[in-house]
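All chains are named by letter (A, B, ...) in the order of the sequence lines, taking the proteins before the strands, and each is independently numbered beginning at 1. Quantities reported herein were computed from a predicted structural model and do not represent experimental measurements.
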Amino acid sequence: ETGVTQTPRHLVMGMTNKKSLKCEQHLGHNAMYWYKQSAKKPLELMFVYSLEERVENNSVPSRFSPECPNSSHLFLHLHTLQPEDSALYLCASSQDREGYNEQFFGPGTRLTVL
Amino acid sequence: QKEVEQDPGPLSVPEGAIVSLNCTYSNSAFQYFMWYRQYSRKGPELLMYTYSSGNKEDGRFTAQVDKSSKYISLFIRDSQPSDSATYLCAMSAGDSSYKLIFGSGTRLLVRP
């Protein structure tokens, strides 16, 4: 595996379900991100982990719960979601250092909440 | 007012045309400007990156930044059907590596 991988690629869940999204990066980076991408809207940064510590949480509802057990893995735990949470969830990674760093994205998980 | 404005399109052009994609922004602190390309059912991938004002060329692609007008452009020469994708502009002040502000993306269709 190379780059940033995400599983599952597609997920359909009911509002009462609990599920988890998984992201793995094979680039040796020390920062990982969760983004939400909805149709015709800019990417919304949800969470950032740098050196396995959460450094950003952009007012995301508590029904989304991130977990970063190590610098290569990132999870997004989902529970009691709403239909408006249906979107493409993208994981990204970068090497966190001063100045600009390129963010590498995974293919995303297409989430549908019924 | 959004920090970054981008026309969602879709923009439809014939093969071989010159394509111009644009973004405007409001935050004068932005110093790093990027263009990402996103194919259907894929994640965004970095296409071009420019620091501060000026032009940068890479093959058929040219990125321009005009900080005085708060306006950035991506030009695609001799467009190909394989260029059909959504193009996202993104920018950063550079004070924190993860603070990328994205435009909503312009969907481009290059007709054979």
- Under 4.5 Å from any heavy atom of chain A - which part of B:Ile101: neither

- Message: Hydrophobic cluster membership, with links at side-chain heavy-atom distances under 4.5 Å among I/L/V/M/F/W/Y: are A:Leu21 and A:Phe64 in one?
- Response: yes

- Note on the structure: Counting heavy-atom pairs under 4.5 Å with chain A, the top scorer among B:Tyr51, B:Tyr39, B:Tyr49 is B:Tyr49

- Examine B:Leu47 and B:Tyr32 and state if one hydrophobic cluster contains both, with Ile, Leu, Val, Met, Phe, Trp and Tyr joined whenever side-chain heavy atoms are less than 4.5 Å apart. no

- Query: How about B:Lys67: does its NZ atom have over 12 heavy atoms from other parts shown lying under 6.0 Å from it?
  - Reply: yes

- Could you give the distance from CG (B:Leu88) to CD (A:Gln37), rounded to the nearest 0.5 Å? 6.5 Å

- Taking salt bridge (charged side-chain N to carboxylate O under 4.0 Å, His left out) as the test, write out the residues that go with B:Arg60, two or more places apart. B:Asp83

- Supply the atom-to-atom distance A:Phe105 CZ to B:Lys42 NZ, rounded to the nearest 0.5 angstrom. 15.0 Å

- Message: Same cluster or not: A:Val4 versus A:Met46, using hydrophobic residues (I, L, V, M, F, W, Y) connected whenever any side-chain heavy atoms lie under 4.5 Å apart?
- Response: no

- Mind checking what makes salt bridge (charged side-chain N to carboxylate O under 4.0 Å, His left out) contact with A:Lys41, not counting sequence neighbours? A:Glu44

- Item | Residues in residues 9-17 of chain A that sit under 4.5 Å from chain B, counting heavy atoms only | A:Arg9

- Non-hydrogen atoms of chain B under 4.5 Å away: do they reach the side chain of A:Gln6, the backbone, both or neither? neither

- Which atoms of B:Tyr36 come close to chain A, meaning under 4.5 Å heavy atom to heavy atom: side chain ones, backbone ones, both, or neither? side chain

- Item | Common cluster, A:Phe104/A:Tyr35, ILVMFWY with side-chain heavy-atom separation under 4.5 Å | no

- So which part of B:Gln31 gets closer than 4.5 Å to some heavy atom of chain A, the side chain, the backbone, both or neither? neither

- Message: Can you tell me which of B:Gly105, B:Gly103, B:Pro8 forms the most heavy-atom pairs within a distance under 4.5 Å of chain A?
- Response: B:Gly103

- residues 69-90 of chain A vs chain B, non-hydrogen distance cutoff under 4.5 Å, contacting residues -> A:Leu88, A:Leu90

- Work out which heavy atom in B:Phe102 is nearest to a heavy atom in A:Pro42; give both atom names and the distance. O-CB, 3.3 Å

- Rounded to the nearest 0.5 Å, the OG atom of A:Ser94 sits from the CG atom of B:Leu100 at a distance of 8.0 Å

- Query: Is it true that A:Met32 and A:Val60 fall in one hydrophobic cluster, defined by side-chain heavy atoms closer than 4.5 Å?
  - Reply: yes

- For each of B:Gln6, B:Arg41, B:Met34, B:Glu45, tally heavy-atom pairs with chain A at distances under 4.5 Å, and name the one with the top tally. B:Met34

